[in-house]
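All remarks here apply to the structure that follows.
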Amino acid sequence: MKRTEVKEILLNTPVGSEVNVKGWVRTRRGSKNVGFITLNDGSTINNLQIVVEADNPDFDKLENIYSGTAISVDGEVVESIGSKQRVELKAKRVDILGNVDPDKYPLQPKKHSLEFLREIAHLRFRTNTFNAVFRIRHGLAYAIHKFFNDRGFYYIHTPIITGSDAEGAGAMFQVTTLDLNNVPKTDDGKVDYSKDFFAKKTNLTVSGQLEAELAALALGKVYTFGPTFRAENSNTTRHLAEFWMIEPEMAFYDINDDMDLAEEMLKYLVKYVLNNFPDELEFLRKRLADEEKNKKKEERSQDLIEKLNSVIDVEFARITYSEAFDILRNSKPNKKGKFEFPVKEWGIDLQSEHEKYLVEKHFKRSVIITDYPKAIKAFYMKQNDDDKTVKAMDVLFPGIGEIIGGSQREEDYDKLYARVKDLGMDESELWWYLETRKYGSVPHSGFGLGFERLVQFVTGMGNIRDVIPFPRTPKNAEF
RNA sequence: UCCCCAGUAGCUCAGUUGGUUAGAGCGACUGACUGUUAAUCAGUAGGCCCCUGGUUCGAGUCCAGGCUGGGGAGCCA
């Protein structure tokens, strides 16, 4: 018999149909006269209840069926006597496909800590929580491609291995095939990279932005969506050594067009998940509420689904760095000395506590901050006429902080070149980037969206290590 | 990288001013039970108390160093 997925049975299969299902047992329970199996096959977060009656010739197989066992069942779809499900499967034939040693199988039909599940990342897919998280992660990835495709953007594959470390977004992982126990040296004692695979020093990319700009200056609107790597020793709930980033880059867009696109995209993506993953969101909403039961009221975060709806309903606040600076300088916590980093001098970088105050206390919604001091931003950002600020924009989300960082890019060759020189950067590594400003240069803009931070926000998961299947963090590359 | 907290059964945790044989709940196992919903009831098994060293008559408990995990900060997406 052809296999039917659980999702199909729960939604569409008429009562009385004969079907075959295959999947993994969540729980099994029963008595002398009847056995119950809760089965999940990954097609939906919901389970199918299978009933095996005592007169079934396969009834004694039940004693070898435990949590985690893979089984195949032929049976009839019937209306459920129990109240928790519309239909169930009355088994005619039960086959065990893959056994489980119940003494050793670490997943139990009970709540596990996320920390424990992280240590068994090869099995945590089998829990409802990760089932929901990774289904939504997929949905977001798909929606991102759909969003851009529908608006005439082209998906550009930028290199993972890069020969330039000019972007300056963070420490890099080196890529080499040299024998580390016997590194070839030049006469003056330095590493002889001419003997390395690429005959030069290479690293894993920290950003595809510079290459995306090259493509945007011909294809108009492009985006990247790929893995990026940062060798920073960051140990937080918001950082990974390997993460996925979305970087659109648009010719003829100024900073305002850039902000409009960022806001439209974020709202589109949140709406997409609300429309397409209601069961998963409901599960995660309950999970979060349950987890926060023990917290004090004022420390609890907003209801997950309410939070998502508030993002799509409300316009993001848009302010300049200078306005944000004034708000913070005159704020109560600043005057009372409650900030760990007091706000005194214009030009300071905004700290987590400042961003949190603006988003969660002052505006009570998402905020976009523009026109940052040029000293604290990257070399490629478009310089304003005041000679002090650049056309940068950061989108700040409640609970997450910076979810998007972007800017209008400096298209003027002389200004860009001067900035490269000022910062002591190696222009020979950037010749190709600079050259685009010589040939038909136009205003253009773009931004970077951290994919895992988006998934974190939408699923309500507190730790970024729980929204990527196999997290890479300092001292941890298991699996 | 810095600050704080934690590491005891498969999981979540308790373990008194250092004192003899190490505790619970859940899970697993065995049995009972006429339809259960993380079933219920009874019983059984299960410990390198993170590692190394030190103090002490005696260390799960105190001290030092390390390892691992978590939270916060910085860096950022």
Side-chain angles (χ1 to χ4, degrees), chain A residues 26-39 46-55 62-63 66-68 78 80-85 88 90 100-120 123 127-128 167-171 206-209 227-247 262 339-341 349-353 355-356 376-378 394-397 400-406 447-457 462-468 473-476 478:
Chain A
R26 282 295 169 77
T27 61
R28 189 210 89 207
R29 55 193 174 271
S31 66
K32 235 186 219 167
N33 303 301
V34 62
F36 299 96
I37 296 168
T38 302
L39 192 77
N46 298 309
N47 302 316
L48 178 67
Q49 169 154 285
I50 291 160
V51 183
V52 188
E53 287 171 342
D55 57 3
L62 287 186
E63 67 186 47
Y66 310 98
S67 291
V78 297
S80 182
I81 296 169
S83 55
K84 299 228 169 167
Q85 56 274 318
E88 61 191 21
K90 189 177 169 186
V100 156
D101 179 346
D103 256 353
K104 295 187 178 144
Y105 189 61
L107 288 175
Q108 304 161 12
K110 64 177 243 185
K111 189 163 258 164
H112 288 101
S113 69
L114 294 172
E115 293 82 6
F116 170 66
L117 292 172
R118 228 169 274 153
E119 290 169 12
I120 51 166
L123 298 174
T127 65
N128 285 329
E167 216 266 336
V206 294
S207 163
Q209 180 202 311
T228 46
F229 308 87
R230 306 272 166 94
E232 302 284 355
N233 192 5
S234 304
N235 295 286
T236 81
T237 55
R238 307 182 308 285
H239 289 85
L240 291 165
E242 175 182 297
F243 64 101
W244 289 68
M245 194 154 58
I246 299 103
E247 295 175 292
F339 282 143
E340 190 186 337
F341 299 91
D349 209 347
L350 300 183
Q351 306 295 324
S352 294
E353 57 179 348
E355 297 179 348
K356 200 166 271 183
I376 58 172
K377 287 291 178 185
D394 284 2
V395 182
L396 309 180
F397 259 24
I400 302 277
E402 185 181 342
I403 193 166
I404 279 181
F447 60 82
L449 166 67
F451 185 51
E452 281 76 15
R453 288 196 183 165
L454 175 69
V455 181
Q456 245 188 308
F457 179 78
N463 194 316
I464 200 164
R465 292 162 199 149
D466 296 327
V467 298
I468 186 167
T473 51
K475 293 183 180 152
N476 189 352
E478 193 67 45

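So that the names make sense, note that chain A is the first sequence line, chain B the second, and so on, each numbered from 1.
For G43(B), the paired base is C29(B) (Watson-Crick or G-U wobble, both distances below 3.5 Å). The partner of U12(B) is A24(B), by the rule that a Watson-Crick or G-U pair needs both atom distances under 3.5 Å. Pair assignment for G19(B) gives C57(B), based on Watson-Crick or G-U wobble hydrogen-bonding distances that are each under 3.5 Å. Base pairing analysis places C2(B) opposite G72(B); the two distances defining the Watson-Crick or G-U wobble pair are each below 3.5 Å.
Not counting sequence neighbours, K475(A) has no partner by the salt bridge (charged side-chain N to carboxylate O under 4.0 Å, His left out) test. Residues passing the ring-ring contact (aromatic ring centres under 6.0 Å, His included) test with Y105(A), sequence neighbours excluded: none. By the side chain to side chain donor-acceptor pair (under 3.5 Å) test, R465(A) pairs with no residue at all, sequence neighbours left out.
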Take L454(A) and V467(A) through the side chain to side chain contact (heavy atoms under 4.5 Å, CB included) test and state the conclusion after the steps.
-> CA-CA 10 Å; L454(A) 175 69; V467(A) 298; over 6 Å; no
Please lay out, stage by stage, how I464(A) and H239(A) fare under the test side chain to side chain contact (heavy atoms under 4.5 Å, CB included).
-> CA-CA 7 Å; I464(A) 200 164; H239(A) 289 85; 5.8 Å; no
With side chain to side chain contact (heavy atoms under 4.5 Å, CB included) as the test, would you mind laying out the steps for F229(A) and V206(A) before giving the verdict?
-> CA-CA 5 Å; F229(A) 308 87; V206(A) 294; 5.8 Å; no
Show your reasoning for whether side chain to side chain contact (heavy atoms under 4.5 Å, CB included) applies to I37(A) and L62(A).
-> CA-CA 9 Å; I37(A) 296 168; L62(A) 287 186; 3.6 Å; yes
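In this structure, I81(A) atom CD1 and U34(B) atom P are separated by 16 Å, rounded to whole Å. If you measure from atom CD1 of I464(A) to atom C1' of C76(B), you get 10 Å, rounded to the nearest angstrom. Following rounding to the nearest Å, D394(A) (CG) and C75(B) (C1') show an atom-to-atom distance of 14 Å. Remark: P of A38(B) and CD of Q49(A) are 10 Å apart, rounded to the nearest angstrom. Rounded to an integer number of Å, the gap from Q85(A) CD to U37(B) P is 11 Å. Regarding L240(A), its CG atom lies at a distance of 17 Å from the P atom of C76(B), rounded to whole Å. For K104(A) and C29(B), the NZ to P distance is 14 Å, given to the nearest whole Å. A straight line from CG of L62(A) to C1' of U36(B) spans 13 Å, rounded to a whole angstrom.
An OP1 or OP2 oxygen of A39(B) is reached within less than 4.0 angstrom by a side-chain nitrogen or oxygen of R29(A). The shortest distance between the side-chain N/O atoms of S31(A) and the OP1/OP2 oxygens of A39(B) is not below 4.0 Å. Taking side-chain N and O atoms only, S80(A) has no distance below 4.0 Å to OP1 or OP2 of G35(B).
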Using the 3.5 Å cut-off, write out each protein N or O paired with an N or O of nucleotides 65-74 of chain B and the distance between them.
from, atom 1, to, atom 2, distance (Å)
G70(B), OP1, R118(A), NH1, 2.5
G70(B), OP1, R465(A), NH1, 3.1
G70(B), OP2, R465(A), NH1, 3.3
G71(B), OP1, N463(A), ND2, 3.1
G71(B), OP2, N463(A), ND2, 3.4
G74(B), OP1, Q351(A), OE1, 2.6
G74(B), OP1, S352(A), N, 3.4
G74(B), OP2, S352(A), OG, 2.9
G74(B), N2, N233(A), O, 3.3

For nucleotides 40-42 of chain B, give me every protein contact, N/O to N/O, under 3.5 Å, one pair per line with atom names.
none

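Panel note: side chain N476(A), backbone E478(A); a donor-acceptor pair is recorded below 3.5 Å. T236(A) places a side-chain N or O within 3.5 Å of a backbone atom of R238(A) that can act as its donor or acceptor partner. A distance-only check finds a donor-acceptor pair linking the side chain of E452(A) to the backbone of W244(A) [under 3.5 Å]. Within the 3.5 Å criterion, the main-chain N or O of Q85(A) finds no donor-acceptor partner in the side chain of Q49(A).
Using a 4.0 Å heavy-atom criterion, one finds that Q456(A) contacts no nucleic acid atom at all. Residue E478(A) is classed as having no contact, given no heavy-atom separation below 4.0 Å to the nucleic acid. Residue contacts shown for Y66(A) are limited to sugar-phosphate atoms, with no base heavy atom under 4.0 Å away. As judged by a 4.0 angstrom heavy-atom cut-off over every strand, T228(A) is placed among residues making no nucleic acid contact. Nucleic acid contact class of I403(A) (heavy atoms, under 4.0 Å, all strands): sugar-phosphate only.
Toward the 5′ end of RNA chain B lies the nearest nucleotide of P102(A), the other residue of the pair I404(A) and P102(A) mapping further downstream.
Tested against Q456(A), the residues I468(A), N463(A), I400(A) include a single side chain to side chain contact (heavy atoms under 4.5 Å, CB included) partner, I400(A).
When the C1' atom is used for both U21(B) and G25(B), the distance is 22 Å, rounded to whole Å. Comparing C13(B) with G60(B), their C1' atoms sit 14 Å apart, to the nearest whole Å. Taking atom P in both G72(B) and G27(B), the straight-line distance is 32 Å, to the nearest Å. Comparing the same atom, C1', in C33(B) and in G43(B) gives a spacing of 15 Å after rounding to whole Å. Taking atom C1' in both U56(B) and G70(B), one finds a spacing of 33 Å when rounded to whole Å. Comparing U36(B) with C41(B), their P atoms are spaced 15 Å from each other, to the whole Å. Comparing U44(B) with A38(B), their P atoms sit 28 Å apart, to the nearest whole Å. When the C1' atom is used for both A14(B) and U61(B), the distance is 13 Å, rounded to whole Å.
Distance check, rounded to the nearest 0.5 Å: CZ of F447(A) to CG of D394(A) gives 12.0 Å.
Side-chain contact, T27(A) with R29(A): a donor N or O sits under 3.5 Å from an acceptor N or O.
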Using a 4.0 Å heavy-atom cut-off, write out nucleotides 5-10 of chain B from 5' to 3' as B (base contacted by protein), S (sugar-phosphate only) or - (no contact).
-> -----B
